[in-house]
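Numbered from 1 within each chain, the chains take letters A, B, ... in sequence-line order.
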Amino acid sequence: MPELPEVETITRQLRNRVLGQRVKGVDILDPKLQGQAIERIRGGVISSLRRRGKNIIFGFGGTLYLIAHPRMTGQFSWHIDGNSLKHLRAIFHMSGGDLCWIDQRRFGTLMVSEDLNLLSGLGVEPLSPEFNEGYLYQITRRSLRRIKEFLMDQGRIAGIGNIYAAEILFSAGIHPQRRANTLSRGETDRLAAKTKAILSKAVQEKGTTIDNYLDTEGGKGNYQKLLQVYGRAEEPCPNCGHPIERIRQSGRSTYFCPHCQRMK
DNA sequence: CCGCCAGCCTGAAGGC
DNA sequence: TGCCTTCAGGCTGGCG
């Protein structure tokens, strides 16, 4: 569910509250999460909190890590109500309060590891300087994949999901089914710039809440108000008024304006 | 390498 | 009211 901006928001909020705190205990309520040896972090002090792609990484002195991935509906929260109680999957008892892991669909993962090798397959961070116009041009040259799948391929660029892929491509005026290696230098330049612009703006707005994403304080994001095409099938394109189309691409909904985003 | 599909889960929404 | 289908922001593994 959450993509880079939502995971970044969660990570920042957690960092403000849990750095330096000790994990006094862990309750694993969902049997799916057992066998991950999560209790190994008991007694550890959280020394770092960061995001990599859509993963949230709690560091314990550089020798142990807790890696959380929310997938579709996973979320951390300091608050539990009658509704979220149903989906409470784990509780981290911190010196400063109880942190709950809530996950309606149970796709989310929690893993403990002594290193971060599990994340070694992730591609570049789109908001880092490493990801720039030249880099995007270069990596698209070798790919025959369609550009939307390319953007969502975590092994190439880490953190973009279905919503932001649609918004980025609309903003760059590129059809989601164009092959990556057919984009011109001008188009990849625009795509790189729009990727950064949209993701940064969405981070600033604390992400997008469409269905059930909430931050660690139970707050919604604001970016859903700024969505141009995602979820807007049949509505007029904000640029040209042509109805926005919804197609199925690799099993996922893809929204775009056929007039502003041409196959050429 | 590429695309497609099923599968992992739960719940909401819409049609009948 | 209830049953059925479809859909959902992610990712993996298998197949052709």
Side-chain angles (χ1 to χ4, degrees), chain A residues 1-10 29-36 51-56 67-76 82-90 101-111 118-123 126 139-170 176-182 198-199 202-203 205-215 220-234 246-255:
Chain A
M1 129 200 218
E3 305 180 36
L4 185 154
E6 293 75 32
V7 178
E8 179 65 26
T9 301
I10 293 165
L29 307 176
D30 183 348
K32 265 187 93 178
L33 296 172
Q34 276 154 10
Q36 302 294 330
R51 178 193 60 74
R52 178 76 174 94
K54 300 172 192 171
N55 296 272
I56 302 156
I67 305 169
H69 193 307
R71 297 287 181 103
M72 299 288 256
T73 55
Q75 51 187 263
F76 282 110
N83 199 44
S84 49
L85 188 58
K86 274 202 299 257
H87 309 127
L88 181 58
R89 309 299 181 198
W101 173 248
I102 298 161
D103 186 9
Q104 185 198 107
R105 290 174 70 182
R106 300 170 65 210
F107 291 156
T109 56
L110 297 176
M111 287 175 300
L118 289 164
L119 306 180
S120 61
L122 289 174
I139 63 173
T140 49
R141 290 316 88 190
R142 302 178 308 242
S143 176
L144 302 169
R145 301 192 80 181
R146 296 181 293 192
I147 191 63
K148 183 183 177 229
E149 280 89 336
F150 183 95
L151 286 179
M152 291 172 64
D153 181 346
Q154 304 300 300
R156 293 194 160 98
I157 305 168
I160 300 173
N162 204 35
I163 294 180
Y164 295 108
E167 295 298 307
I168 289 165
L169 288 168
F170 173 74
Q177 295 183 317
R178 291 275 305 282
R179 304 278 160 182
N181 68 348
T182 67
I198 286 185
L199 294 177
V203 167
E205 298 297 330
K206 297 186 163 62
T208 299
T209 297
I210 289 175
D211 196 5
N212 45 26
Y213 165 75
L214 297 175
D215 64 27
K220 295 184 176 188
N222 295 309
Y223 197 80
Q224 63 277 10
K225 297 167 193 159
L226 302 179
L227 294 176
Q228 307 291 294
V229 290
Y230 184 84
R232 298 190 177 279
E234 320 284 311
R246 176 188 162 203
I247 57 172
R248 203 121 188 109
Q249 195 173 337
S250 292
R252 323 286 307 274
S253 285
T254 297
Y255 300 88

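Atom CG of L119(A) and atom C1' of dC11(C) are 14 Å apart (whole Å). Taking atom CD1 on I67(A) and atom P on dC11(C), their separation rounds to 14 Å, with Å as the unit. Atom CD of Q104(A) and atom P of dG10(C) are 15 Å apart (whole Å). Protein atom NE2 of H87(A) is 14 Å distant from nucleotide atom C1' of dA8(C), rounded to whole Å. Computed from coordinates, the R246(A) CZ to dC7(C) P distance equals 6 Å when rounded to whole Å. Put simply, CZ on R52(A) is 17 Å from P on dG10(C), counting in whole angstrom units.
Here the closest heavy-atom approach between residue A158(A) and residue L4(A) is recorded as O-CD1, 3.8 Å. The two atoms that bring A90(A) and L110(A) nearest to each other are CB-CD1, 4.1 Å, heavy atoms only. Between W101(A) and P70(A), the shortest heavy-atom contact is CH2-CA, 3.7 Å. Summarising the geometry of L33(A) relative to G108(A), their closest heavy-atom pair is CD2-O, 4.1 Å, with the distance given to 0.1 Å. A pairwise comparison of heavy atoms in S253(A) and R248(A) identifies OG-NH1, 3.7 Å as the closest pair. Closest of all the heavy-atom pairs between T73(A) and R105(A) is OG1-N, 2.8 Å.
Checking S143(A) against G251(A), the closest nucleotide of DNA chain B that is more toward the 5' end is the one next to S143(A).
At the heavy-atom level, Y164(A) lies nowhere under 4.0 Å from the strands shown. Residue T109(A) is out of contact with every strand shown, counting any heavy-atom pair closer than 4.0 Å. In this structure, R142(A) reaches neither bases nor backbone, as no heavy-atom distance under 4.0 Å exists between it and the strands shown.
Panel note: side chain E6(A), backbone T208(A); a donor-acceptor pair is recorded below 3.5 Å. Side-chain N or O atoms of R141(A) include one that pairs as donor or acceptor with a backbone N or O of N181(A) at under 3.5 Å. At distances below 3.5 Å, at least one donor-acceptor pair connects side-chain atoms of T209(A) with backbone N or O atoms of G221(A).
The same atom, P, is picked in dC9(B) and in dC3(C); the two are 24 Å apart, to the nearest Å. Between dC5(B) and dT6(C), the two P atoms lie 14 Å apart (nearest whole Å).
Phosphate proximity of dC11(C) to H69(A): present, with a side-chain N or O under 4.0 Å from OP1 or OP2. The side chain of S253(A) contributes an N or O atom lying less than 4.0 Å from OP1 or OP2 of dA8(C).
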- Let me have DNA chain B in dot-bracket notation, would you? Count Watson-Crick plus G-U wobble pairs, both distances under 3.5 Å, and use [ ] for pairs crossing earlier ones and | for inter-strand partners. .|||||||.|||||||

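Only L144(A), R145(A), R146(A), listed by number, bring a heavy atom of residues 144-155 of chain A to less than 4.0 angstrom from any atom of DNA chain B.
Considering only residues two or more places apart in sequence or on other chains, Y230(A) meets the ring-ring contact (aromatic ring centres under 6.0 Å, His included) condition with Y255(A). Scanning for ring-ring contact (aromatic ring centres under 6.0 Å, His included) contacts around F170(A) gives an empty result, with sequence neighbours left out.
At a threshold of 4.0 Å, the pair R145(A)-D153(A) counts as salt-bridged, since one of the basic side-chain nitrogens sits closer than that to a carboxylate oxygen.
Using a 4.0 Å cutoff to heavy atoms of chain A, the contacted part of DNA chain B runs 5' to 3' from dC2(B) to dG11(B).
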- Test log, rule salt bridge (charged side-chain N to carboxylate O under 4.0 Å, His left out), inputs K206(A) and D215(A): CA-CA 8 Å; K206(A) 297 186 163 62; D215(A) 64 27; over 6 Å; no

- Message: Does I168(A) form a side chain to side chain contact (heavy atoms under 4.5 Å, CB included) with L151(A)? I'd like the steps, not just the answer.
- Response: CA-CA 9 Å; I168(A) 289 165; L151(A) 286 179; 4.2 Å; yes

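Within 3.5 Å, a donor on the side chain of R105(A) pairs with an acceptor on the base of dA8(C), or the reverse.
Shown here is K32(A), whose NZ atom has more than 12 heavy atoms of other residues, nucleotides or ligands within 6.0 Å.
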Between the protein and nucleotides 12-16 of chain C, which nitrogen or oxygen pairs come in under 3.5 angstrom?
none

